[in-house]
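Right, one structure below, let's go through it.
In what follows, chains carry the letters A, B, and so on, assigned in the order in which the sequence lines appear, proteins first and then strands, with residues in each chain numbered from 1. A quick note: this is a predicted structure, and the numbers were derived from the prediction, not measured.
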Amino acid sequence: MENKIRVRFAPSPTGYLHVGGLRTALYNFLFARKNNGKFILRIEDTDRNRYVEGAVENLIKALKWSGLDYDEGPDIGGDYGPYMQSQRLDIYKKYADELIASGNAYYCFCTQERLQQLREEQEKLKVPQMKYDKHCLTLTQEEIQKRLNEKIPFVIRLNVQPNQKIIFDDVVRKRVEFDSSNIDDQVLIKSDGYPTYHLANVIDDHLMEISHVIRGEEWLSSTPKHVILYDAFGWQRPIFAHLPLLLNPDKSKLSKRQGDVAVEDYRDKGYLKEALINFVALLGWNAGDDKEFYQMNELIEAFSLESVNKSGAVFDIVKLNSLNAEHLRHKSDKEILLLLKEEIKKSDLAQKNLSDDYLLLVISAMKERVTFVSEFITNCKYFYEEPKEYEQKSIEKNWKSDTAEHLNKLIDEFSKLENSQKVDFESALNKVAEELEISKGKLIHPLRLAVSGQSTGPGMFDLLFILGKDEVIKRIQKAIEKIKI
RNA sequence: GGCGCGUUCGUCUAGUGGCUUAGGACGCCGCCCUCUCAAGGCGGAGAUCACGGGUUCGAAUCCCGUACGCGCUACCA
């Protein structure tokens, strides 16, 4: 099969999945699914200093939670493995040697001290572009061998030819051009034998037959180095697509300091994966119409790299919240029940024996009034326990001198009820209102306060029905006792 | 400093030379619905399309310059 689509998400395991990473992973995923391609997870763990215990597991967990399932990866294998760069060291070594043989790379024995000194000198001279001075390129074969034999630490550097135009196409940015004179002789193999990102990335993308490199814009500046490598190896370049950055409200690159950046933070705060995915998809992409509410399958259907934006997008949590509420409303009551039961397990309601039928009633009453699943608990405690206190403002507004008397009448009427469906409560209340010659509202507001302790909530008769006749009467009595004006 | 990328309502965005008195969404305000709060419906405020020059009969849309922002500038990714 010609032109098969293979894309990859290649994070370095820093401990958690960044929402920017989620967006990158999502676009890769959508592109693959849309085009019948393969989506690959590759772990770029070539920096031993930044190794974090459990990071890979966390990453995989977050990806799975988000619904971004990959076709090949470290935990599931595939024909192009291993998918952990730390397990591919011999591969990088082999290709680095090849580069040295062809003159495209060279050994460098310079010490950190010399490099530091060089940098300082260049700074003093106000050299426009600070670069390595190719000092070790002049070493003879014998000198190199001697140092190798003496086990002097070395790195392998890319031998960049100056004064070349490096031009490549980017799906998002169109044509991008660099002058190779501005490109440093990048270290490809570090002195610990590990490759740098640039080398490992290019080799793996080629070996894994990656067709499209879809990654964040922070990589655009190093793409010419990658292009030089592809050309040096004589390999076909992939198609590049550099995604606009996710930004803090102050427009800087989205960072930990200004809010949550980990996918797991959002998950733990109760955001639905559907909402997070939908939100993040819209940060830098739009199908060209007004549609903003998407399920995953619709995203796959609508996605195209060509309609990705160029400019960075501020991560605005307020919009995420509204999408969360909307996705919640779109779920069936039964789906929400499952989520709510999980939430209850974590709450102080855990011991209560709440039936599914009861919770389903609560869900249908509250569904359009909540943003998070947890609010089925916190915003309507009165469904689970009688009110401990009564909203002062509502007392002032709705509790008059004759309120107790009115409510006693309601108790009488409710007590007589043989059926206690919504309509039964309603007609009972209507009857009382008529007898007292007052408006329904005059009854309903204090009744709501008595029964829920609050002034807001679902329709009155829904509330009464859900709580049940006995509980309602009990609560009214209690309120009459407790509320004094 | 150098190199690169970007710039449409507060935010996410539509717009690819005339359909645009620049459309939608979130947020904000108001009205309707209504027992409250939501949801829903309707309406409003909010962008001289960063700025300045061109090209053109005509520009948010094409070109040039400037400003500003961001990214990169590591033996980090």
If the cut-off is 4.0 Å, is [X] near the phosphate of [N], judged by side-chain N/O to OP1 or OP2?
| X | N | value |
| --- | --- | --- |
| A:Arg119 | B:C75 | yes |
| A:Arg48 | B:C76 | no |
| A:Arg157 | B:C75 | yes |
| A:Lys251 | B:U11 | yes |
| A:Thr46 | B:A77 | yes |
| A:Lys225 | B:C72 | no |
| A:Lys190 | B:A77 | yes |

Checking contacts here: which listed nucleotide ([options]) is nearest the side-chain heavy atoms of [X]?
| X | options | answer |
| --- | --- | --- |
| A:Asn309 | B:A14, B:A77, B:C72 | B:A14 |
| A:Val314 | B:C12, B:C75, B:G6 | B:C12 |
| A:Glu368 | B:C3, B:C76, B:A38 | B:A38 |
| A:Thr196 | B:C76, B:G4, B:A14 | B:C76 |
| A:Glu217 | B:G4, B:C75, B:U36 | B:G4 |
| A:Phe178 | B:G6, B:G4, B:U11 | B:G4 |
| A:Gln129 | B:G10, B:U73, B:C37 | B:U73 |
| A:Asn182 | B:G2, B:U13, B:U36 | B:G2 |
| A:Lys310 | B:A14, B:G6, B:G71 | B:G6 |
| A:Arg369 | B:G2, B:C75, B:U36 | B:U36 |

At 4.0 Å (heavy atoms only), tell me whether [X] reaches a base, stays on the sugar-phosphate, or touches nothing.
| X | answer |
| --- | --- |
| A:Thr456 | base |
| A:Gln186 | nothing |
| A:Lys367 | nothing |
| A:Pro11 | nothing |
| A:Cys110 | base |
| A:Gly288 | sugar-phosphate |
| A:Gly284 | sugar-phosphate |
| A:Glu292 | base |
| A:Ser455 | base |
| A:Val176 | sugar-phosphate |
| A:Arg50 | base |

Rounding to the closest angstrom, what is the interatomic distance between [N] and [M] at atom [atom1]?
| N | M | atom1 | result |
| --- | --- | --- | --- |
| B:U20 | B:A67 | C1' | 28 Å |
| B:A14 | B:U7 | P | 10 Å |
| B:A59 | B:G17 | C1' | 6 Å |
| B:C62 | B:G18 | C1' | 15 Å |
| B:G46 | B:U8 | C1' | 13 Å |
| B:A50 | B:G43 | C1' | 31 Å |
| B:C3 | B:C12 | P | 29 Å |
| B:C68 | B:C26 | C1' | 26 Å |

Using purine N1 to pyrimidine N3 plus N6-O4 or O6-N4 for Watson-Crick, or N1-O2 and O6-N3 for G-U wobble, each under 3.5 Å, what pairs with [N]?
| N | answer |
| --- | --- |
| B:A22 | none |
| B:C5 | B:G69 |
| B:C62 | B:G54 |
| B:A14 | none |
| B:G43 | B:C29 |

About how many Å separate CG of A:Leu339 and CZ of A:Phe372, when rounded to the nearest 0.5 Å? 13.5 Å
With no hydrogens and no angle check, is any side-chain donor or acceptor of [X] less than 3.5 Å from a backbone partner on [Y]?
| X | Y | result |
| --- | --- | --- |
| A:Asn278 | A:Glu292 | yes |
| A:Tyr266 | A:Asp260 | yes |
| A:Arg23 | A:Leu246 | no |

Centroid-centroid under 6.0 Å between A:His327 and A:Phe293 rings: yes
Between A:Trp219 and A:Tyr197, does the ring centre distance come in under 6.0 Å?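 Yes, the ring of A:Trp219 comes within the 6.0 Å limit of the ring of A:Tyr197, centre to centre.
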Let me know the distance between [atom1] of [X] and [atom2] of [N], rounded to the nearest Å.
| X | N | atom1 | atom2 | result |
| --- | --- | --- | --- | --- |
| A:Glu326 | B:A39 | CD | P | 11 Å |
| A:Ile444 | B:C37 | CD1 | C1' | 14 Å |
| A:Asn248 | B:C12 | CG | P | 12 Å |
| A:Lys393 | B:U36 | NZ | P | 16 Å |
| A:Leu245 | B:G69 | CG | P | 16 Å |
| A:Phe279 | B:G27 | CZ | P | 12 Å |
| A:Lys319 | B:C9 | NZ | P | 14 Å |
| A:Asp185 | B:A74 | CG | C1' | 14 Å |

Would A:Arg119 and A:Glu123 pass as an ion pair if we require N to O under 4.0 Å?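 Looking at A:Arg119 and A:Glu123, the cut-off is not met.
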Just checking, is any N or O donor in the side chain of A:Tyr106 or A:Asp185 under 3.5 Å from an acceptor N or O on the other one? yes
Aromatic A:Tyr132 / basic A:Arg157 pairing, under 6.0 angstrom, 45° off normal: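 Judged by the rule (NZ or CZ under 6.0 Å from the ring centre, within 45° of its axis), A:Arg157 counts as positioned above A:Tyr132.
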With a 3.5 Å cut-off and heavy atoms only, can you find an N or O donor on one side and an acceptor on the other between the side chain of A:Ser191 and the base of B:C75? yes
Picking from A:Phe414, A:Phe461, A:Phe465, what satisfies ring-ring contact (aromatic ring centres under 6.0 Å, His included) with A:Phe425?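 With A:Phe425 as partner, ring-ring contact (aromatic ring centres under 6.0 Å, His included) holds for just one option, A:Phe414.
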Reading RNA chain B from 5' onward, which residue's closest nucleotide shows up sooner: A:Phe154 or A:Leu320? A:Leu320
